[in-house]
Structures are given as structure tokens and as C-alpha cells.
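For reference, the structure is listed below as C-alpha cells.
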Amino acid sequence: MSASDFPVEMLRRRFPALRSAGSCVFFDNAAGAQVPDGVIEAVRRHLIEHNVQRGGRYPRSMAVDAMISWARSHVAALVNARQPEEIAFGMNATSFIRMVSLAVGQMLEERNEIIVTDLDHEANVATWLALERMGAKVRWWNVRQDGCLHPEDLRSVLGPRTRMVACALASNALGSVVDVRAAADLAHSAGAELFIDAVHYGPHGIIDVQALDCDYLVCSGYKIFAPHMGFLWGRYEALTRLPAFREDFIPDEPPGKLEAGTFIYENVAGMAAAIDYLAELGRTVTGRDGPTAETSLREECRAAMGAIGKYEQSLSLELLRMLQNCGAEIYGQRDERRLQERVPTFCFNLAGISPAAITQAAAAEGIALRDGHMYSPRLMRRLGLSPDRGAVRVSLAHYNTVEEVRQLGTVLSRLRPSAPPAPAR
Ligand SMILES: Cc1ncc(COP(=O)(O)O)c(C=O)c1O
């Protein structure tokens, strides 16, 4: 399906929040996306029909167990896990990164070096830096002037003591996609593991943990059209080895060992429904209809993400040209011929206007943007920006439109630099 055939108007009608927002434009998707009707219905149904604790012998409780196992298989299909037990559910991505990093911290011994990047969201940096107190040595895989991470640069940071490489699949500030498969090959050849933060990439492309050959990967459901929740994928053997906090009577096996306490079941039901939404989109774009078997669920999600990716590239092109026409300084990858190496997330500044003034002006016109450091303060410094001020981020999702991008263009083109302060007499 070409980008111009992407059924965006039909999809927008599936998102009640977009319908109720009227003419407002939602360009803050990197902070959390809207949810389709099926997700709302799944949460509602769970709360009405199954709002009980799992593990009981009565029908409602057994239905909760069944829903969790259904959702686990769904998420396993979404990321191409080898088995559903490789998926753990929880609050968010940060708490899973923290859980894995704390566990790795207990197993450091001779291999005590952790590699982090200055492209990443701080959730995938600070959590690993905290291991310094447990004897870890942190090494940096830095972005180059082009705002991208180059795998060749990782080679020189890796060594016989590297225990873990932690990096993003896509930058939540610049939108650049990282060649994590190359990073996995390099990390494994040094005897290290690879931890992927796929939070920002999740809504924009299909994740394939087997093709990426990573060892751990985290996502936030609320970025992938589900309610607030997160999930962890890990190689089964790697999860088995991790020391994780659990009550003594919980078997030391994934996924139970990684799911201490009660997670938010209704949001897990919503996550499964978000995957059903993607599968349905996959069927629409391939012209196939009918019930979904577990094997085809993956193919349907892949088709949906393929169509989303193409459509989002057309939005990226429009946004890139619009920002350039407005004289914006765009950070990171801005080559029209390399749009497939990015997701539709752009950070920019306009000379003489503060990022906060830009987002305020946009808000006054009903356009939701974000300004600041995007939880990537090290990246901001690397780009020569003060983290306090940062940049403006426009982050699109597949339900955004070219018309909305043009609306933003109209707002930006009207902005004038504020007058420089009068010289002191
Ligand atoms: C790339 C990236 N990593 C991690 C996080 C943190 O995710 P969570 O809120 O699920 O902990 C975010 C949130 O915006 C993110 O964009």
C-alpha cells in the first residue's frame, strides 16, 4: 500500500480522543499515544466482567488468568519472541530497566563494564550509572556530530570486561534509528549482552527480537496505543539466570519471577486489544479478512507496521520541508533520502525564540508539542543546547495528517524572534 492510500481518516475515527479533541492537533505522541476504541472497550470489559485477583478457582478469576496468558501470547507475537514466557508485564519501561540493571549489578564479577550512550532517554542511562556503586565501570558510546550512533564507534569501547551494552532502538528526541543488529553482533563477539530500549521505536515499526538478536528489550504499552503499562522481553535463558526479587514460594522461573506483586490487569487487557487493532489494520492494508491464528497475528502486525512506516515517512518528509521553510535548525538526521532511517520525531529550534515560547504559541492554536530536554539531557549538551532550554519536539503517530503538519507550519511561520534586550546605558 502506498502512503497516499493509507486509510488515515478511517483510522482516526477509531480513536475517540481524536474525535473529542475536535480541531486540536496531537503532536506529543512520543510522550504517550492515544488509544483506539477496542482498547477502551477491553479495559471497560475487564473492569466490569473480570475485575478480580488472578489465581482463584472461580470463573472470573480463571478468566483473568486466561486473559493474561492471551495478552502474553499477543505481545510475544508482536515482538517475535520464541515463547510467551519471555514476556513480563509491569508498570513501565523504566522499572524494568531498573530491575534488569539491579540484577546484572549482582552478577558483575570480572566482567564489570557497562556501555551506555548519550543518545538514550535517561531511563536507559541513569539506571546503569547507578551500578557504579556496585563496582561497575561505565563506558560511553557517543553520538557523532550527525546526531547518530555509529556501530563502528562501539567497537572501540567494547572489551573483554564488557558485561552489557544498553542502547535505544530509536531516539525519543531525534527520531534516529540505531543499527542495533550491528551492535548485537559486536557485543556478542565480545562476550557481552545487549539491552534494547524499544520504547520510542515501538509505535513506528515492527520489532523482531530474533532478527535484532538482542538479549533484553523493553517497551511501554502506552506508546503503542495501549494504556499505561510496560513490558519486558528477555531471552528465556537470560531471564532464568537473572536474580530477581520474588517471594520464596514463587518459582524462580520467568515470567513469574519478574512480576512481583499485582500489575494492572485491565491495562494488560488493553495492550492485547492494541495488538488486535494493529492486526486489523494489517488485514485492511493487505486486503485479507477473517479470524486470526497466533502465527498470522505476527504477519498482520508486520503488515500494519510496514504500512505505518511508509505513511509516516510521507509525514516526515512534509514536516522536514516545512521546518526547513520556516528556517528551523533541525537536530540529527535531516536527509530526505534517508527517511527510512528515522521515525517521525523531530527536534528543532527557531533562532531568537525560546522553545517554550514556540510550544506556548502552538498550544494557543490547539497544537500540542513539547519543549525541553526530552529526558535526554546528555544528548542536548552534545548538540550544544542547554538542557534547561532544550529544543521543541514534534512527534507524530500514524493517525496524524499532512494537513496537521501544515497547520503547524502556519503557526511557526507567523512567529517572530523576540527583540534583543535594549543595550545597557
Ligand atoms: C526512549 C524512551 N525510553 C524510556 C522511556 C521511559 O518509559 P516509561 O515511562 O515506560 O518508564 C521513555 C518515555 O518517554 C522513552 O521515550
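All values below come from the heavy atoms of this structure, side chains included, with hydrogens, waters and symmetry mates left out. Atoms within a ligand are numbered from 1 in the order they appear, just like the ligands themselves.
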Among residues at least two apart in sequence or on other chains, which ones pass side chain to side chain contact (heavy atoms under 4.5 Å, CB included) with S95? M91, N92

Salt-bridge test for D252 and R246: reply yes if a basic N is under 4.0 Å from a carboxylate O, no otherwise. yes

Are F195 and F96 an aromatic pair, judged by ring center distance below 6.0 Å? no

Could you tell me if R342 sits above the aromatic ring of F346, with its cationic atom closer than 6.0 Å to the ring centre and no more than 45 degrees from the axis? yes

Proximity of F225 and H398 rings by center, below 6.0 Å: yes

Pairs under 3.5 Å, nitrogen or oxygen of ligand 1 with protein nitrogen or oxygen:
unit_1, atom_1, unit_2, atom_2, d
ligand 1, 3 (N), D197, OD1, 3.3
ligand 1, 3 (N), D197, OD2, 2.5
ligand 1, 7 (O), S220, OG, 3.4
ligand 1, 9 (O), Y222, OH, 2.5
ligand 1, 10 (O), A93, N, 2.8
ligand 1, 10 (O), S220, OG, 2.7
ligand 1, 11 (O), A93, N, 3.3
ligand 1, 11 (O), T94, N, 2.8
ligand 1, 11 (O), T94, OG1, 2.5
ligand 1, 14 (O), K223, NZ, 2.4

Is the shortest distance from a Lys or Arg side-chain nitrogen in R139 or E113 to a carboxylate oxygen in the other one below 4.0 Å? yes

